[in-house]
Structures are given as C-alpha cells and as structure tokens.
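Structure record follows, encoded as structure tokens.
Excluded from the calculations below are hydrogen atoms, water molecules and symmetry mates; all remaining heavy atoms, backbone and side chain alike, are included. A, B, ... follow the sequence lines: proteins, then strands. Residue 1 opens every chain.
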Amino acid sequence: MSRFHLIAFAFLCTVAALNAVEISKSLIRIEATSQEPNYKTPWSPGDVSSGVGAGFVIDGKRIMTNAHVVSNARFLTISKEGDPNPYLAKVLHIAHDCDLALLTVENPAFFKGTSPLEFGGIPEIESVVSAYGYPLGGTRLSVTRGIVSRIDFQPYSHSGMDSHLAIQIDAAINPGNSGGPVMQNGKVVGVAFQGYSGDIAQNVGYMIPTPVIQRFLTDVKDGHYDRYVDLAVAYRNLFNPASRRALGLEDETTGVQVCSVYSGGAADGIVKPGDVILKIDGHTVSSDGTIPLENEAVPLDEVVERKFKGDKVQLDILRERKPMTLTVPLNEPWPFKLQSNLYDEKPRFVVAGGLVFQPVDQNFMEAHEPSNQRLNYIFDYFIDDELHTNRPEIVVLSNILPDPVNAYAEEFRYSVVDEVNGHRIKRIEDIAAAFEEKADYYVIKFAGGGRPIVLERKAIEEARSRISERYALTAEKNLEK
Amino acid sequence: MKCIHLLRAVWLALILVLAIQSAPAEDNASTQESASQSLLRVNSTNQVYDFFRPWIKKPPFSRRGIGALIDGGRILVTAELVANSTFIELEKPATAEKSTATVERVDYDCNLAVLRPADPAFLSGMQPLALNGPLKVGDQATILQLEPNGDIAQTLGRITSISVGSYPSESGAFLLFKLGAPLQQRDGSFTLPAIRDGRLIGMVMRYDARNQSADVVPTAVIRHFLAELDSPTYQGFARLGMAFAPLRDPQLRSYIGLKEPGGIYVADITPKGSADAAGIKKGDVILAVDGLPLDQDGNYEDQDYGRILFSHLTNTIKHPGAVLPLKIFRNGQTLDIPVTMEVANKDQAISETHLSDEAPKYVILGGLVFIELSRPYLKEWGNKWASSAPQRLVYYDAFQNELPADRGRIIILSQVLPTPDTIGYEDLENIVVTKVNGHPIKSLADLSEAAKKPVNGFQKIEFEEDPKFLFLDAASIQSNADNLKKHYALPSLERL
C-alpha cells in the first residue's frame, strides 16, 4: 500500500466561485497537533508534529473530516472561513478503516452563521464535481473542479489494509488539505482523501463516496464506532471453462470460487473452500465477482460493506454441485488486523533484563524494518497461513539495551519468542506474567530452536534500576493499547 | 629490568626483520622460468540455465583464468571458473598453442576442479607444480598472473589470516587463507595460482580490490580434493550436519550446569545428516571432537594452523566414512558418541542450495509451468532475492531443516503460459502444489505420474495457498499440447 500517498486536494477554479460563497459557510479549517508514538522506543511518548486539514459542518453540530487529519491528535483547533479565531475541538468518533472522523466544538458560538451540508448519492461517470479545501499556497479557501473518472474498490491507504468503494476524479493534487467536501448540485458527494504522488500518476485523486460516509454515520448512531464487518473469505474468478464444468456450473450460470475461509472470521465453519458463490443477498454474482448495484458493477463485498455488526448476509452457493443457501451472521469484525496501520494506540512492551519485548504489528514493522527472514514470513503470512491460530500475537525480542546482564543476547534481535520458563508466549501479557513468576533462571526460547537466552533473576534485579536510569525508561512495561 | 626487556624486544624485532627479508630467498628469474612451465590459460565458455524459463539457457559468457599443472597431468582451477561450462580451452602462455579440455572432476563445495586436455601430449615439456605444506600468518606468497605476451606477472603478498570461512557455494565452511597483495587488474584473472618457493600454496578464488585481499583455497583443501579423486569413488567433503551457537554466556553455562571450560551448543540438526544419524540432539553441548577439546567458540588447536574452527577437522582433515568420537554434555552427563562422517545427501534436500551443470527439471501442463523450489531459482530475483522473492518460498528454503523429514521437494506452479486451457489462471505464480488428482506431490516425477490419471476428465491441481485448487480439461490439454509447444517454442513439455 506504500505506493499510495495521502495528499490533499486543491482544485483551484474560478468557475465555482458562486458555489464557493455558499460552501464557505460550512467549510472548516482544522489545525491538528499530533503525537506519533515511536515503536523503537515504545516507552517514550513520541514526537509532536502539526498539520492542516479541511472539514465541513454536517447536521447535529458535527464536523466531518478524514481520520488521518486528526489521528494521534493531542490538540485540535478549528476555524471558519472569514472568522480567523481558533476554536478548540475534539474527536467525537474516528474510523481508521474508512478514513473518516467526526469532531465537536465545545463553544456553541462556533456554529453561529454556519449551515450544515447535506449528502447526495453516487455521481455519474463524467459528471463534474467541485472540491473545497485548504491546500498549500495560502490559508484561504480553495476550490478545484474535476470530473468523475472511475468508481471502484480502492485500497484506503490510511489503514493500508482496507479496501472500500472510492471515486476517482481527475484533478491535480497538492498536499495539505484532506477532509474537504466534494460537491455536486449543492450536495456533498464525497470527502477528498487520497491520491497518487506526482511521480506515479497525475490528475488522479480519490474521494470517499456517500455509501461509505452514510455507513459511518449509521454505525456511530449508538454512540460507538464498531468498524466494518467482514466475511473473511477469499474468492476468485471463475472464467475457466474446465473449472466451471468441474464445479457444476451450467452454461449461463455465473459465480466465484471460494478459496480460503479464514478461521476466526464470520464465514468460518459456514462457507467452505470450493463452494461457488452464485448470489449474495439475491444479487447475481458474475464470473469476476461483481454484482450490479445502483447501475454500477461493484465487487460483491459491497453488500457486506454496507452491513453492521449483528447483521446477516445470505449466500446462494453450489457445494459439490448441489445448490444451498447459507446465512452468515456478521457478529464481530475480523480480529486480525495486525497488518494495518494503527493510530491512537500506545505501543505495548515489556522490558526485562534490558531485553525489550514487543508485539509485532504494521507500526512495529515500519519503525524497525527488521531483515529477519523468519519474522518477515510470520508477519507476511500471519493470516494466509493462519499462523494466528498458534499465536494470536507475534512477540519478538525487539531490542537489547546493552548491559552486563544481556551481554550475549545481541544475535537474538527480532527473534520470535516461543516460551519463557516453559510458558507459551501467545501475547505480550504472557511475557509480563512469565517474568513476574519467581524463578532462579528465566529461560527464553525462540521460534526455530537454537540456543535459549538464560537470565539469572539475581542479575535481572541488580540490573533493573541501572538499566532504567541509563536508558531513561519511563516505564518497564505497557500492556494497554 | 626495563633495559633488558627493551633489549630483548630489539633483538626480537631484528630477528623478525631478518626473517622477513630472508623469506623470498628465491631468485625471481628462476621462479619465472619454473612456474611458466606449469601454467596454462584456461578459457571457459559457460552457459547457465534460466530458472524462470527452465527449458532455455541464458546467453553464454566466458571466464578466463590461470590453471596450475599438477601431478598426474591434471590442471587445477576453481570450480566457479568452469561452472556450467559448454566449452573449455587451454592455452600455453608463451606460444598460444591451444587444446580443448574436459572437466575430470568438479566439486562446488570446495570450489575446485581438475581439467584434462583432450590430447595428453599437449602437456609434454611442462612441469607440474608441487604442493606446498602448511603456512602461518605473516608468511609471504606470490600470486601469478600472465601478461599478454605470456610473461609472468608476480605480486608478492603476505598471509594476513588463516581461518575457516564460507566458500562461494555457501554449502560449508572450509579453511581459507587471506592473502594481502596489491593485485593489478589483468585479463584472465578469474582463477590464479599462488606460490611460495616454487610450490603451489593455493588457488586465488576471490579478490577484494578495495582491501587488497585475496581469498585463497589452501593446499589442505586441495590435498583432500585430490585424495578423494584418487580414491575408488569420489565422495568429497563430509558434513557433521548441524548448526551451533557459541557458549560464551556464563548465565547459560551455569543454567545447563556446565562446569568444564569450552564447548559449543548444538542449535540445529540437519535431518538424516551425520550428527542426526549418530544421535546428536539439539541442545547437546559438544566438548571435544576426536579427542581435541573445543573452546566456547568451537575452535580446536590444530597442529598446522593453530586455533581454528572444528569443521576443518571434520570436513577436510577427515574423509567420508571416518568415525569421530564426539564428547557430548547432555542433561548433566558427559557421553562419548561416535559419529560416522558422511557427505550431505543432496537428494534429501527439500530445496537445493546449489545447482551447476544440471538442467533444471520442469513439467508444463496445459500452459501451467511446474518446477522444484531451489535456491538458484530464488536467486533469479537478483541480489536482494532474500527480500524480493516470494517470502513463503524464501522461508521454505532457509528453514528447510524444520520441515517434516518426509516433506519431499517443494513443487511450485511458477508461472502460466496463457493458452485457451488456462483462461482465468494467467495471474497465478509461485504457489506451492500439494496434490494432483488426489495424489500428494513430493517431486516433479510425482506430478508427472499423477497427471497421467485425470479424474472424470479433469486434472485437479491443489495448492497450499489461494486459489487452493483449479481444474484443467485433461482431453483438451492433450490435444493442445503440440500447439503449446509450437507457440512458445518449447523443446519439450517436461524434463525430469
């Protein structure tokens, strides 16, 4: 997903000036001071940085923007067009999986003179849209204009793991103001959120379309964001005539072949590898996995995308050539998201005898970039090879704070911990618990065998305050996200 | 007291200086004359198979080096010089007289090969080089190169280190001399002999120009290679078949209750290797090999080379079939375990680490290309293959010791040559095959056999990963086979 670079939109265009006067009553400039934790020194609070983004007022005295504008925010101020005064704001709801957030303002005077924007539908291909925001080159409102180029599923680069419906528009993109509204006929048809960097492609920008926005607004109605639900099924096209015949598809029938059904996911135990999905909630699935929805061919996932925790989805399938109807309850979101970027979370860690243990996730991998073949495999194939059934978390020895107690541990950096004193390490909590247990020796065994690290309790205790002082540890562990 | 010490130091220094000056006692002219009668240019045209398209060879390239004539009418070169050779030519330096040659034996483990001219009479009038005995760090030696006119260019160097190090095949650690010498860039220097007092001390196999350091295959390794060559059956270099970790950490030593000094920790055992067959286990501590105690880094005191890694003893001094007693510390007890040293059985490798002179196997079924996983295949991804090749395959190759011993070869669908039979499969690549028509696949031969038994007219191919399985129309791929061969200019649809 690294090929995606989040860049704000700036479609400067005077033609839209008339609209701009109206819109300016709803447009918000957001200044965010954020603090990003450092996964190399997980005990330190992290560097502080600030950025600017856009947002707009919607009903209920709420302000909509992108999640990435306000991620890890410590201090938020917002201002209205034509009123330079900053107002304190705070995050009401944030959805990292679809890059949307809602803010509130403590001072009710802020909303005086503002008018909430309303949402429209999916704009037609080739129709003109206008995007509003605060790109580089000035602090005032800027408007740009483009046409709808494509409507498709796209990876959302904020999380790096999620794909949802997104609308591509042709417009030059400049960094600096994500979260602004994209308008058509006076209604919001999308939230500008990402583009390609200029050296990969030009005039390619993406907005979050209203089905995704509406889903987010519906999800938070109960005061809590529950995240997207997922079938947790991999499927594949069924173009091949031999595969089609072997699976029992008639000439006119279309569908897709179920490949992996991930254990721990919603469809686990209900759908089976080798099933052919013919229909999803009554929509006929074509050979490439798309369904017709609102005059567009969209991936069948879109049906599940629009559902919520507790909803069900109905699948018409062929299993061993026999038609069946399955109902999959979408109770909990897919739990194994360690390959997605994480925000608003504190790094978890345990330090013992100068050895730093951390659970591995995308943030960890990005900070450390370990070149350990075993760790890279376990991380890359954690879901595909269902490695999470053995260890829900990958715990590694991430760093060694040099001290006489750990003088011979350097070679074990980035090794995956299997056991401490015979206790299987399945989560970072297990490490903390193992070192709390009294023992003369702590024997740490790693995946793949090899020699263990042995630390004497006596030596750990002697080294404890020495290491904390020398390396300015503010804590010896943090187990809370 | 101080004065005396100083005096002694001066004397020592003087003696050292004298020794250094007396070392190249030989006359340069005589070296030139005698060595020139033992050297041959070796021009080898090599052609490597393309592991991505195993039915073709990559463009030929040539490697040129200098071979040393040794006893028995053999010309000694490095294995790398003649790896995947299609044509080898010998050339006399002075007269440019040429003869074709064949490889009598090549061993990629020790990076050595011996060649023979097609016409033995080609060597008449030449003098074989004798092999020198052991050297010490600080000894001088001369690297020989050839000028275009056939004159010998000599570069004097000094042995800077003697250790057990890794050889290009990465298949083992052998004795290695580092020779510090300011070698000049000359054509035909891929392999160069190094001599001292007119006797061969080894073959230069690598030169690091920045550090002016040459890696030399020493005579100890050459002698082992030649002795194997003269034995009834060539076996090569035996392996203990284990990985070890040093035992320096006093906390670890105290935890396992090790009171004796030295010893190394057995970290990994190659299934069915020598150590495995003898019953050595992960977690054992090896205290001594063949009665020679090991220090905590695995070094023993060698009578010729001083403190060096035990593998020199196990793979080079000893020959395959030798029985070595190992002193083992296990669960607080000391045991003596005899280990019969055997060469690594390459057929048992799950992924072969080195393949030269061998045509890679493949099977093409309806346009789906199946191959065996091997390191040369992964290396087709370039210098950064370990991070850029598919990580599951890299993992299987790197950690093959941890896979079940009966895993067999890893067969992968490497790519798809699109045909009407493979519509919808064009994007599949580098996925591991588990079964074909219900039969488990542990070799390409298994796959080829299983494909002869389609079920209900379909070839069903199952994979470890998505798409998990696919079907081909058995009759259709059979009738399209000739077209497939013609379209993609395939010499054959399988090579087993």
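Counting only distance, with no hydrogens or angles, the side chain of B:Arg330 and the backbone of B:Val285 share no donor-acceptor pair below 3.5 Å. One N or O on the side chain of A:Gln339 and one on the backbone of A:Phe379 form a donor-acceptor pair closer than 3.5 Å. Using modelled atom types, one side-chain atom of B:Tyr425 and one backbone atom of B:Phe471 make a donor-acceptor pair closer than 3.5 Å.
Contacts between residues 260-270 of chain A and chain B, counted as heavy-atom pairs separated by less than 4.5 Å, involve A:Ser260, A:Tyr262. Residues of residues 400-415 of chain A placed with any heavy atom under 4.5 Å of a heavy atom in chain B are listed by number as A:Val405, A:Tyr408.
Between A:Asp418 and A:Lys445, none of the side-chain N atoms (NZ, or NE/NH1/NH2) sits under 4.0 Å from a carboxylate O, so this pair counts as no salt bridge. Salt-bridge formation is detected for the pair B:Arg392/B:Glu465: a Lys NZ or Arg NE/NH1/NH2 atom is positioned less than 4.0 Å from an Asp or Glu carboxylate oxygen. B:Lys379 has a carboxylate O that lies under 4.0 Å from a charged side-chain N of B:Glu170, or vice versa, which qualifies the two as a salt bridge. A salt bridge between B:Glu402 and A:Arg374 is present, with a side-chain N of the basic residue lying under 4.0 Å from a carboxylate O of the acidic one. Salt bridge annotation for B:Arg248-B:Asp297: present, with a cationic side-chain nitrogen under 4.0 angstrom from a carboxylate oxygen.
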* Please step through side chain to side chain donor-acceptor pair (under 3.5 Å) for the pair B:Ser476 and B:Asp421, ending with a clear verdict. => CA-CA 7 Å; B:Ser476 169; B:Asp421 293 312; 2.5 Å; yes
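With a threshold of 4.5 angstrom between heavy atoms, A:Leu238 does not approach chain B through any atom at all. Looking at B:Leu252, both its backbone and its side chain come within 4.5 Å of chain A, counting heavy atoms on both sides. When heavy atoms are compared at a cutoff of 4.5 Å, A:Gln257 approaches chain B solely by way of its side chain, counted from C-beta outward. Of the two parts of A:Arg245, the backbone and the side chain both hold a non-hydrogen atom closer than 4.5 Å to a non-hydrogen atom of chain B. Contacts of A:Asp288 with chain B are absent, with no heavy-atom separation under 4.5 Å from either backbone or side chain. Using a 4.5 Å cut-off between heavy atoms, B:Tyr265 contacts chain A through its side chain alone, with no backbone atom that close. Neither the backbone nor the side chain of B:Asp268 comes within less than 4.5 Å of any heavy atom of chain A. If you measure heavy-atom distances from B:Thr422 to chain A, the contacts under 4.5 Å come from the backbone alone.
In summary, of the residues considered (A:Val396, A:Ile425, A:Leu397), a side-chain contact (heavy atoms from CB on, under 4.5 Å) with A:Phe446 occurs for A:Leu397 alone.
With no hydrogens or angles considered, a side-chain donor-acceptor pair links B:Ser254 and A:Tyr441 at under 3.5 Å. Using a 3.5 Å distance cut-off with no hydrogens or angles, the side chains of A:Glu393 and A:His388 do not pair a donor with an acceptor. Residues B:Gln459 and B:Asn437 bring a donor and an acceptor atom of their side chains to less than 3.5 Å of each other.
Comparing A:Pro273, A:Gly274, A:Pro241 by how many heavy-atom pairs each has under 4.5 Å with chain B, the most go to A:Gly274. For the set B:Ile423, B:Asp249, B:Asp473, the entry with the most heavy-atom pairs within less than 4.5 Å of chain A is B:Asp249. Across B:Ala398, B:Ala245, B:Pro250, B:Pro467, the residue that shares the most heavy-atom pairs under 4.5 angstrom with chain A is B:Pro467. In terms of heavy-atom pairs under 4.5 angstrom with chain B, the leader among A:Asn240, A:Asp440, A:Asp384 is A:Asn240.
Checked against a 6.0 Å centroid threshold, the rings of B:Phe399 and A:Tyr377 do not count as neighbours.
Put simply, CZ on B:Phe469 and OG1 on B:Thr434 are 11.5 Å apart, with the number rounded to the nearest 0.5 Å.
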